[in-house]
Amino acid sequence: MDECVQYSYLSVPAFQKRLAEHPVGYLPLGTLEWHGLHNVLGSDSLQAEGLFLRAARRFGGIVFPPLFVGPDRIEDAGEGRQFIGMDSSEATRPHQQLPGSCYWVGKGVFLSLLESIVAQAKRAGFICLLADGHGPSRKAWAEMAPLWEKQYDIILLSSINDFDPLTYLTQNDHAGKIETSTMMALHPDLVDLSRLDPASWPLGVKGEDPRTSSASWGEYLLETTVQAIGRKLQELGL
């Protein structure tokens, strides 16, 4: 059985042991959001958590519970309605409220939540925290990480600020070949490509065609990114 690396499942002695060995935390930035008919609504969270579980088991550290809220663009859709995120994407024609999405919080609220987590992680003894996942959440973290690093005296790693985009390969589309392949590698039972119409582009999907996805491509994306995380931690002596 794999060694437990999930914060919420650790006993105090197990937490103290893992923290002493590698004081690194991983924070999955997730959502409950439309990811096409072929993926589940928690795909952002499941991908980020799955990546970080692999990294923690290989290099040490502790994986925080995924967040299921995040910021995104929001537009007035008239009649008291709002379009959020992919609702008004060029990949969603006509623009519409996509079923299942239930994650939006204002950027200020989200940043307050992240800052509180940073402060508490420092207090708990973590030296380094890597957060990544949902695109707008990823960008918000990258924007504030340099400031919070100085303020709280903790290393804050971001896929945007600290990694080569040619080696940090996960979650770089929306329900397209990248995310769908990653889900197939991590949770093959949660992907159903048969739900996609072979004759038309899938609604609310950005990136390469998800119908060309494969678990083997997902494994490549995950392994390349895990190796990049390992190299970064090694550089930092963590």
Side-chain angles (χ1 to χ4, degrees), residues 2-7 10 14-30 44-67 70 110-111 113-173 178-179 181-182 185-186 217-238:
D2 289 328
E3 182 179 1
C4 180
V5 300
Q6 292 163 283
Y7 205 141
L10 292 172
F15 170 81
Q16 290 175 318
K17 180 177 183 294
R18 291 200 67 83
L19 192 69
E21 292 172 347
H22 297 282
V24 177
Y26 306 87
L27 178 61
L29 304 178
D44 275 336
S45 308
L46 292 170
Q47 290 174 84
E49 183 180 43
L51 170 69
F52 289 158
L53 289 174
R54 291 189 179 200
R57 287 171 181 148
R58 193 175 305 181
F59 308 118
I62 296 170
V63 181
F64 282 64
L67 300 182
F110 184 66
L111 292 179
L113 175 61
L114 286 183
E115 184 176 6
S116 296
I117 293 172
V118 169
Q120 290 299 300
K122 172 66 177 181
R123 179 178 182 272
F126 290 90
I127 290 176
C128 174
L129 189 61
L130 166 60
D132 196 58
H134 173 60
S137 301
R138 165 188 278 179
K139 292 175 183 176
W141 172 259
E143 177 185 332
M144 297 304 299
L147 174 64
W148 291 338
E149 271 196 334
K150 296 176 182 177
Q151 184 174 350
Y152 294 100
D153 189 27
I154 183 173
I155 299 168
L156 301 178
L157 298 179
S158 135
S159 61
I160 294 174
N161 297 343
D162 300 291
F163 292 88
D164 185 334
L166 297 178
T167 60
Y168 202 109
L169 303 180
T170 54
Q171 294 187 258
N172 288 323
D173 63 12
I178 291 174
E179 287 202 311
S181 294
T182 302
L186 292 170
W217 182 244
E219 286 291 344
Y220 168 76
L221 299 171
L222 286 162
E223 180 60 22
T224 302
T225 307
V226 167
Q227 289 181 15
I229 292 171
R231 288 193 297 271
K232 177 59 67 174
L233 295 178
Q234 188 175 38
E235 289 173 14
L236 296 170
L238 297 168

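Everything quoted here is computed from the prediction, not taken from an experiment.
- Annotation: the span from W141 atom CH2 to E115 atom CD amounts to 10.5 Å, rounded to 0.5 Å.
- Contact check for V5 versus Y26: no side-chain heavy atoms found under the 4.5 Å cut-off.
- In this structure, K139 has no salt bridge (Lys or Arg N to Asp or Glu O under 4.0 Å) partners at least two apart in sequence or on a different chain.
- A side-chain donor-acceptor contact under 3.5 Å links D173 to the backbone of I178.
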Please tabulate, for side-chain N and O atoms in residues 231-238, each donor-acceptor pair with protein atoms closer than 3.5 Å (sequence neighbours left out).
{"from": "K232", "atom 1": "NZ", "to": "D162", "atom 2": "O", "distance (Å)": "3.3"}
{"from": "K232", "atom 1": "NZ", "to": "E235", "atom 2": "OE1", "distance (Å)": "3.4"}

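- Dense packing is recorded around OH of Y152, with more than 12 heavy atoms of other residues, nucleotides or ligands lying under 6.0 Å away.
- Annotation: salt bridge (Lys or Arg N to Asp or Glu O under 4.0 Å) contacts of E223 (sequence neighbours excluded): R58.
- Applying the ring-ring contact (aromatic ring centres under 6.0 Å, His included) rule to F59 yields no partners; only residues at least two apart in sequence or on another chain are considered.
- Qualifying ring-ring contact (aromatic ring centres under 6.0 Å, His included) partners for Y168, counting only residues two or more places apart in sequence or in other chains: F163.
- Within the model, atoms OG of S158 and CE of M144 stand 12.5 Å from one another, a figure rounded to the nearest 0.5 Å.
- Between P28 and V63, the closest heavy-atom pair is CG-CG1, 4.1 Å.
- Shown here for S137 and G70, the closest heavy-atom pair between the two residues is OG-CA, 3.7 Å.
- Note that the CG atom of D132 and the CG atom of L157 stand 10.5 Å from one another [nearest 0.5 Å].
- Atom-to-atom distance recorded for L53:CG and L222:CG is 11.0 Å, nearest 0.5 angstrom.
- Nearest heavy-atom pair, L169 versus T225, reported as atom, atom and distance to 0.1 Å: N-OG1, 2.9 Å.
- The two residues I62 and L19 have their closest heavy-atom pair at CD1-N, 4.2 Å.
- When all heavy atoms of P66 and S45 are compared, the closest pair comes out as CB-CB, 3.9 Å.
- Pairing each heavy atom of T170 with each of L51, the nearest pair is OG1-CD2, 3.6 Å.
- For residues 117-127, there are no side chain to side chain donor-acceptor pair (under 3.5 Å) pairs, not counting sequence neighbours.
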